[in-house]
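Note that ligands are numbered from 1 as they come in the structure, with each ligand's atoms numbered from 1 the same way. Hydrogens, waters and symmetry mates play no part in the numbers below; they use all other heavy atoms, side chains included. This chain uses plain numbering: 1 for the first residue, then up along the sequence.
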Amino acid sequence: MTDKLTKAERETDLAPLLQNGWSLADGRDAIAKTFVFKDFVEAFGFMTRAALHAEKLNHHPEWSNVYKTVEVVLTTHDADGLSAKDVDLAKRMDALA
Ligand SMILES: C[C@H](O)[C@H](O)[C@H]1CNC2=NC(N)=NC(=O)C2=N1
């Protein structure tokens, strides 16, 4: 079972993400971010690279793509909320974008 972020971890680990375009998702213990790219090819390339990280982590985003926009929601289903895996994947996505 994956552990949810502790209160202290939320303050230390989520804060930098929330300052970098991530936001708490409405009504869910999740974080969300909209990535906008130059075009569809750039957006899909991001998704392809991010998918490889998700597989490596065995931790997968809830995401959708319309043309050059990718909307991402991260939460840990096994924990029914945010865990360190979400923080890790969010950081990796920001590094890829
Ligand atoms: C069986 C498999 O390891 C689990 O279902 C993994 C797959 N990817 C996952 N991704 C996310 N976001 N949350 C999970 O709890 C999760 N669990």
Side-chain angles (χ1 to χ4, degrees):
M1 181 71 175
T2 306
D3 295 326
K4 275 187 182 175
L5 289 174
T6 63
K7 190 172 182 307
E9 286 169 333
R10 286 172 183 271
E11 280 151 26
T12 56
D13 298 348
L14 282 186
L17 294 174
L18 300 179
Q19 287 154 16
N20 192 34
W22 292 89
S23 57
L24 292 170
D26 292 340
R28 296 184 67 188
D29 190 21
I31 52 174
K33 184 170 184 176
T34 299
F35 294 84
V36 181
F37 296 90
K38 179 168 67 71
D39 54 27
F40 173 74
V41 170
E42 291 295 312
F44 197 78
F46 164 78
M47 294 181 80
T48 302
R49 293 191 300 276
L52 297 177
H53 284 268
E55 269 303 288
K56 198 179 299 181
L57 295 173
N58 188 31
H59 192 71
H60 303 84
E62 300 173 12
W63 53 2
S64 62
N65 161 243
V66 176
Y67 183 44
K68 62 183 179 177
T69 299
V70 180
E71 293 186 351
V72 179
V73 174
L74 300 179
T75 191
T76 302
H77 306 126
D78 295 343
D80 195 24
L82 285 168
S83 77
K85 293 180 178 181
D86 299 302
V87 173
D88 187 359
L89 186 53
K91 286 177 179 174
R92 291 173 185 235
M93 286 184 155
D94 283 342
L96 291 172

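Taking 4.5 Å as the limit, every side-chain heavy atom of Phe37 sits out of range of all side-chain heavy atoms of Thr69. Between Trp63 and Glu71, the closest side-chain pair of non-hydrogen atoms is not below 4.5 Å. Here the side chains of Arg49 and Met93 are not in contact, with every heavy-atom distance at 4.5 Å or above.
Looking at residues two or more places apart in sequence or on another chain, you find a side chain to side chain contact (heavy atoms under 4.5 Å, CB included) between Asp94 and Leu17, Asn20, Trp22, Lys33, Phe35.
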Exercise for review: Starting from the C-alpha separation in whole Å, work towards a yes-or-no answer on side-chain hydrogen bond (donor to acceptor under 3.5 Å, both in side chains) for His59 and Asp88.
Suggested key: CA-CA 10 Å; His59 192 71; Asp88 187 359; over 6 Å; no
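At a 4.0 Å heavy-atom cut-off, the residues surrounding ligand 1 are Asn58, His59, His60, Thr75, Thr76, His77, Asp78, listed by chain and number.
A salt bridge does not link Asp78 with Lys4: every distance from a Lys NZ or Arg NE/NH1/NH2 to an Asp or Glu carboxylate oxygen is 4.0 Å or more.
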